[in-house]
2 protein chains.
Amino acid sequence: MTVKLSDIAEAAGVSVMTVSNVMNGKRARVSQQTIARVQEIADRLGYVPNIPARSLAASRSHIVGALVPVGENNSLLVSPHTVAVIGGIEQHLRHHGYHVLLRGIEHEGEIGQAIRGWSLDGAILVEFTDAEIDRIRIDGVPLVALDSYSANPRTIGVRTDDHRGGWIAGALLMDAGHRHVLFAGPPYEGMGVVGQRFEGFRSACLAAGIPHDAIGSERVLTTFEDGRELGRRLRRDHPEVTGVFATADVLAIGIMAGLAESGVRVPDDVSIVGFDDLDISAYTSPGLTTIAQDMPAKVAEAARIILDEIEKGEGPRAPVSLGVRLVERGTVGSPRASA
Amino acid sequence: MTVKLSDIAEAAGVSVMTVSNVMNGKRARVSQQTIARVQEIADRLGYVPNIPARSLAASRSHIVGALVPVGENNSLLVSPHTVAVIGGIEQHLRHHGYHVLLRGIEHEGEIGQAIRGWSLDGAILVEFTDAEIDRIRIDGVPLVALDSYSANPRTIGVRTDDHRGGWIAGALLMDAGHRHVLFAGPPYEGMGVVGQRFEGFRSACLAAGIPHDAIGSERVLTTFEDGRELGRRLRRDHPEVTGVFATADVLAIGIMAGLAESGVRVPDDVSIVGFDDLDISAYTSPGLTTIAQDMPAKVAEAARIILDEIEKGEGPRAPVSLGVRLVERGTVGSPRASA
DNA sequence: CTGAAAGCGCTAACAT
DNA sequence: ATGTTAGCGCTTTCAG
């Protein structure tokens with residue numbers, strides 16, 4: 001029923017190995033003649049390589065796992081950002097003959113199981129916390145940790161230059177003349193993505209000469225709702241604040257909504273800077289000024305690293321930080337004299 | 001290095017087959033004693049089944065493909081809706097011992113190749129057009145086509161009850177007293193998702209007694225931008241229209257933005273109904289009145305069908321339509337007397 | 001309830 | 001430049 005190498009070999013009057021070599025592009029070992037003939041027959045017969053067989057024999061699968069943490073009962077609801085990354089990586093890998101296995105991870109041990117069980121050639125770890133990445137003890141397989149600052153030498157971090165993004169946001173607010181600012185982001189431990197953004201922001205503010213205690217901070221979840229709630233009470237809880245930096249656009253947009261509800265105008269009364277540059281960020285009114293990540297570069301870089309490690313076997317390498325870019329729209333202005 | 005069945009067999013003093021049976025839950029064939037002993041040893045040794053080997057021997061892979069059409073140069077940028085579906089299905093399948101292979105399809109032939117090459121146990125086709133689904137000629141593997149109305153007997157459609165959704169939207173506008181309405185959706189051929197929604201909408205309007213030519217229609221892409229553009233010129237191009245039904249919330253939200261820009265008030269001057277109930281739809285002001293899909297049901301249903309077909313070998317079955325629900329927020333009101 | 005034999009389709013490591 | 005020999009780790013089939 002299904003055509004296999006031996007069928008082609010027979011039809012071409014050569015050995016199975018020759019066909020195998022042709023199919024795998026090891027053309028150096030076969031004459032042009034044979035290559036052409038074998039290729040032609042394979043095409044005519046509609047040969048499709050059997051991937052499990054190949055994986056078993058070669059003990060490499062041409063599969064890269066996209067591993068995503070997931071609670072027992074929630075489906076892996078990856079963020080739009082993550083989706084874009086995985087999709088992009090799928091494309092890169094596919095063009096190089098690799099495939100992507102999407103796998104939710106409920107317990108940490110499953111990472112190793114997935115890698116061994118599937119003979120994964122590599123894995124990209126998405127949305128894990130730095131603490132989780134730190135705990136990984138798997139060698140021999142390229143592991144790319146997206147948006148991680150873990151120092152685990154077994155993994156390679158690929159992330160945005162969050163510190164710089166924070167700095168830019170801070171500098172922007174400082175340049176506009178704000179002297180009382182607020183950082184809004186999720187609770188965090190260590191210097192992960194959020195920590196980096198905060199530090200960058202803080203540094204820029206301090207460098208501009210405003211005092212320590214003029215930099216407030218609010219721990220809120222990265223959701224529209226939490227943002228709205230903060231927006232509603234901003235005036236009350238932080239009367240002197242005229243500039244806000246939110247670690248995510250969803251949050252920033254929520255804050256804008258809350259602010260609007262409580263009669264505070266953006267950017268007349270309060271300026272806001274977001275992070276991410278989501279599609280919707282261009283559609284709010286005023287349009288959200290935000291820090292954009294270089295997504296295509298991030299994707300390309302992650303794919304390139306995995307591929308290089310798999311094929312060239314390059315050892316663990318340095319983490320990579322991708323650039324950020326300020327997208328100025330309408331949510332930043334100068335603080336009013338009265339403020 | 002890696003533990004295999006034979007290692008366990010040796011340690012337990014039984015044959016490989018017995019271990020295999022235990023590992024596969026064919027407990028009927030093995031005594032409790034042995035099961036316990038084998039299980040214990042397997043756990044202690046940290047046995048992880050080799051999936052390629054299993055696939056090769058059994059010629060079934062425990063893999064379900066998530067197939068998504070993709071242009072040569074664009075990465076598979078699936079919609080948030082699709083992502084949620086795939087994520088949900090991954091969870092269901094994983095709990096039943098299956099896995100999801102994410103695969104972009106550039107040419108139709110790749111569908112068959114993927115299935116044969118991987119010995120996929122099933123596939124879920126996502127975001128294909130009905131025309132593409134129609135052309136599929138693959139037998140012997142359960143194929144679930146998401147949001148498809150194709151009559152191809154080789155595939156099973158799982159979709160929302162779009163016709164009913166359209167009807168509800170139409171009825172809502174009719175009940176509010178609108179007499180000149182507009183349908184806004186992407187160009188389509190045949191009775192796919194969009195066609196169904198339109199027909200449902202149209203029927204409700206006609207049933208309410210308004211004439212044929214009081215139901216306008218605009219072909220616009222399902223994007224914020226196209227919606228905005230339509231919103232801006234709505235008054236000019238359709239001066240009599242007081243109610244709009246958009247086939248997607250993004251589109252509806254774009255229309256609202258365009259309307260706002262041109263000084264038209266929602267719902268005072270124009271009412272709008274969307275479809276999908278995205279997160280952001282609750283955050284516009286006024287909140288978007290829309291038709292919500294029953295996502296969890298859709299996911300569960302798709303997973304259940306695939307699983308049933310794989311395990312019980314149930315033949316092709318009837319397509320499934322999931323319910324819709326009206327979510328009333330603030331974008332529908334009565335047309336002004338003057339209109 | 002348990003086991004022995006055979007082979008899934010392919011590739012690595014030597015031959016030739 | 002091509003062929004041979006051995007498996008990869010598991011399951012199927014058929015015998016006990």
Side-chain angles (χ1 to χ4, degrees), chain A residues 1-39 41-42 45-63 97 113 115-121 313, chain B residues 1-39 41-42 45-63 97 99 113 115-121:
Chain A
M1 173 58 241
T2 122
V3 234
K4 44 195 167 190
L5 288 188
S6 58
D7 297 328
I8 301 175
E10 195 171 348
V14 296
S15 82
V16 175
M17 261 329 286
T18 303
V19 182
S20 168
N21 283 132
V22 172
M23 299 320 281
N24 289 39
K26 303 201 199 302
R27 278 125 186 286
R29 318 194 154 205
V30 190
S31 75
Q32 287 304 325
Q33 299 262 335
T34 347
I35 292 184
R37 191 153 37 93
V38 168
Q39 196 60 268
I41 297 182
L45 263 41
Y47 172 70
V48 177
N50 179 313
I51 288 154
R54 171 186 290 178
S55 302
L56 178 57
S59 59
R60 42 185 312 239
S61 57
H62 284 92
I63 306 180
Q113 288 179 20
I115 292 175
R116 284 169 48 198
W118 289 88
S119 314
L120 293 186
D121 288 352
Chain B
M1 170 57 242
T2 121
V3 255
K4 45 195 168 193
L5 288 190
S6 57
D7 297 329
I8 301 175
E10 195 171 348
V14 295
S15 83
V16 175
M17 263 327 291
T18 301
V19 182
S20 170
N21 283 131
V22 173
M23 300 320 282
N24 290 42
K26 302 199 200 301
R27 279 123 185 287
R29 317 193 156 204
V30 190
S31 74
Q32 287 303 326
Q33 299 262 335
T34 343
I35 292 184
R37 190 153 37 94
V38 167
Q39 196 59 268
I41 298 183
L45 263 40
Y47 172 71
V48 178
N50 180 314
I51 287 153
R54 170 186 290 178
S55 302
L56 178 57
S59 61
R60 33 181 324 236
S61 58
H62 284 94
I63 307 179
H99 295 98
Q113 288 179 22
I115 291 174
R116 285 170 45 198
W118 289 87
S119 314
L120 293 186
D121 288 351

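We name chains A, B, ... by the order of the sequence lines, and we start the count at 1 in each one.
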Grab the two heavy atoms, one from V38(B) and one from A12(B), that are nearest each other, plus how far apart they are.
CG2-CB, 4.3 Å
Out of dC10(D), dC10(C), dG3(C), which has the shortest distance to the side chain of A57(A)?
dC10(C)
Whichever of L56(B) and V16(B) has the more 5' nearest nucleotide on DNA chain C, that residue is V16(B)
Residues Q113(A) and V48(B): closest non-hydrogen pair is O-CG1, 3.6 Å
For Q39(A) and V22(A), run side chain to side chain contact (heavy atoms under 4.5 Å, CB included): C-alpha distance rounded to whole Å, both residues' side-chain angles, the deciding distance at 0.1 Å, then the answer.
CA-CA 7 Å; Q39(A) 196 60 268; V22(A) 172; 4.1 Å; yes
For the side chain of A53(A), starting at C-beta, report the closest nucleotide among dG3(D), dC10(C), dT13(D).
dC10(C)
Distance check needed: dA1(D) P versus I35(A) CD1, whole Å only.
9 Å
Terminal helix-axis angle for the helix from dC1(C)-dG16(D) to dT16(C)-dA1(D), with five pairs defining each axis and rounding to 10 degrees:
30°
Have a look at S59(A) and say if it touches a base, only the backbone sugar-phosphate, or nothing, with a 4.0 Å heavy-atom cut-off.
nothing
Closest listed nucleotide, where the reference is the side chain of A58(A) and the choices are dC10(D), dT11(C), dT2(D)
dT11(C)
Looking at dT11(D), I'd like to know if its phosphate oxygens (OP1 or OP2) sit under 4.0 Å from a side-chain N or O belonging to S20(B).
yes
What integer distance in Å separates R54(A):CZ from dC10(D):P?
21 Å
Report yes or no: does S55(B) contribute a side-chain atom to a donor-acceptor pair with the main-chain N or O of I51(B) at less than 3.5 Å?
yes
From CZ of R116(B) across to P of dC8(C) the rounded distance in Å is 17 Å
What are the two closest non-hydrogen atoms of Y47(A) and M23(A), and how far apart are they?
CD2-CE, 3.4 Å
So, for P49(B) and R54(B), which heavy atoms are closest and what is the spacing to 0.1 Å?
CB-NH2, 3.6 Å
In whole angstroms, how far is the C1' atom of dG9(C) from the CZ atom of R60(B)?
19 Å
Whole-Å gap separating P (dC8(C)) and CG (L5(A)):
13 Å
In whole angstrom, what separates I51(A)'s CD1 from dG9(C)'s P?
14 Å
For R116(B) and G46(A), the nearest pair of non-hydrogen atoms, with its separation, is NH2-O, 3.2 Å
Hey, is the main chain of S61(A) close enough, under 3.5 Å, to the side chain of S119(A) for a donor-acceptor pair?
no
Ranking dT11(D), dC10(C), dG9(D) by distance to the side chain of K4(B), first place goes to dG9(D)
Nearest whole angstrom, please: distance from the C1' of dC10(D) to the CH2 of W118(A).
15 Å
Look at all strands and tell whether T34(A) reaches a base, only sugar-phosphate, or nothing, counting heavy atoms closer than 4.0 Å.
sugar-phosphate
With respect to the phosphate group of dT11(C), does any side-chain polar atom (N or O) of N24(A) fall under 4.0 Å of OP1 or OP2?
yes
Do any side-chain nitrogens or oxygens of Y47(A) fall under 4.0 Å of OP1 or OP2 in dG9(C)?
no
Whole Å only: how far is the CE atom of M17(A) from the P atom of dC14(C)?
14 Å
Would you tell me if any nitrogen or oxygen in the side chain of T18(A) comes within less than 4.0 Å of OP1 or OP2 on dT2(D)?
no
